[in-house]
Amino acid sequence: MIDLEWLRSFAAIYRLGTVSSAAGARYLTQPAVSQHLAALEAAIGQSLFVRTSRRMVPTERGKELYSRVAQSLDTLEHVLRRPDGAAPEKPIVRIGSPQEYFYETALPRLAGATCRLWVEFGPTPELLERLERGELDLVIATQRLSTRGIEYGKAADERFVLVGSPEKMRSGGRRPRPANLDQVERWLGGLDWISYGVELPIIRRFWQEVFHRRPEIRPVLVIPSLHAILKAVELGYGVSLLPDYLCRGAVSAGRLRELWKPPMPVANELWLACRKTDLHRDEILRLRERLGAG
DNA sequence: TACGTAACGGCTCATGTGAC
DNA sequence: GTCACATGAGCCGTTACGTA
């Protein structure tokens, strides 16, 4: 007979990745949780995790079991937590995202969601790692990493727009003919640039895709925030590349100007990632639909 | 019915083991 | 050396059972 406590410990190990952290989360000691898992594996007759030196990696049987019990255990946890007569507690979905995309695009789409949302920001590789570890439920990713057990759905395309302030452009010297890439490169290389980082992320990619070489640019301003870059461009610090969803409003309002359109647009795909074992969860499916990856 | 006692289950603490 | 899991020893609460 399988004890419910064994399953609760199993789910905690699955989500948190180690027996020790699962023990902490369950207010038990590590040996207690270790014994729960050993008893569950003995009852089932199969290993549910591969013991590596640093992590407990679920086996196929472990993944299958988790997908079958996770929703029921969550429901049970909610029922046990809520006081008698209280309305059923909404499930929690933990979302990881790039800050600017979430603020500009995801947040308006999530208005009226029927679950509670806990949002965290960070770089995509880190967020995907945390998704795999069970610390997040849904990640808006700027790239697809080959991670087993993660399902990706296309959420959106973002096009990078080369922008500057109208005042800066008036004093920026004579503009080259748009079709002459050598002239355009020399012209752009002579402008003041604002970059997200010293390694010139976005700018480097733009340069390589358009001019097929590395940019020789020393940015006048480095700010790891796209919103701050937008403001800095408006204030005339220099020019930069921004996602279309972020600068569209400022361009329409005349605060920014698109300086030049490359022959082929430089774009990025945005993905919505979740664990395959969570694909049965209603709240996950609904959020995927809202965010465009249904 | 009340009490004493043994058995059992589940926990913690301490420690061993293996991987990095 | 550090980190994480497994294991043995011992403690404690619960339960079953016998006895007054």
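Proteins get letters first, then strands, A, B, ... in listed order; numbering begins at 1 in each.
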Answer yes or no: is there an ion pair linking Arg144(A) with Glu269(A), defined by an N-O contact shorter than 4.0 Å? no
With a 4.0 Å limit, can you tell me whether His36(A) has a side-chain N or O closer than that to the phosphate oxygens OP1/OP2 of dG10(B)? no
Under the side-chain hydrogen bond (donor to acceptor under 3.5 Å, both in side chains) criterion, do Gln35(A) and Trp6(A) qualify, and how do the steps go? CA-CA 8 Å; Gln35(A) 286 164 20; Trp6(A) 302 349; over 6 Å; no
Please report whether the ring centroid of Phe10(A) lies less than 6.0 Å from that of His36(A). no
Separation of dC5(C) atom P from Leu48(A) atom CG, nearest Å, is 15 Å
Write down the distance between CG (Leu28(A)) and P (dC13(B)), rounded to a whole number of angstrom. 12 Å
Send over the distance from Leu4(A) CG to dG10(B) C1', rounded to a whole Å. 16 Å
Distance, rounded to the nearest Å, where Ile13(A) contributes CD1 and dC5(C) contributes P: 8 Å
d(CH2, Trp6(A); C1', dG10(B)) in whole Å: 12 Å
Interatomic distance, Gln35(A) CD vs dC5(C) P [rounded to whole Å]: 14 Å
I want to know whether Phe160(A) and Phe206(A) have ring centres closer than 6.0 Å. no
Does the dA4(C) base have a donor-acceptor partner in the side chain of Gln30(A) within less than 3.5 Å? no
Nearest to side-chain heavy atoms of Val19(A), which nucleotide of dA6(C), dC11(B), dC13(B): dA6(C)
Ser34(A) side chain N/O closer than 4.0 Å to the phosphate oxygens (OP1, OP2) of dA6(C)? yes
Between P on dA6(C) and CZ on Phe49(A), what's the gap in Å once rounded to a whole number? 11 Å
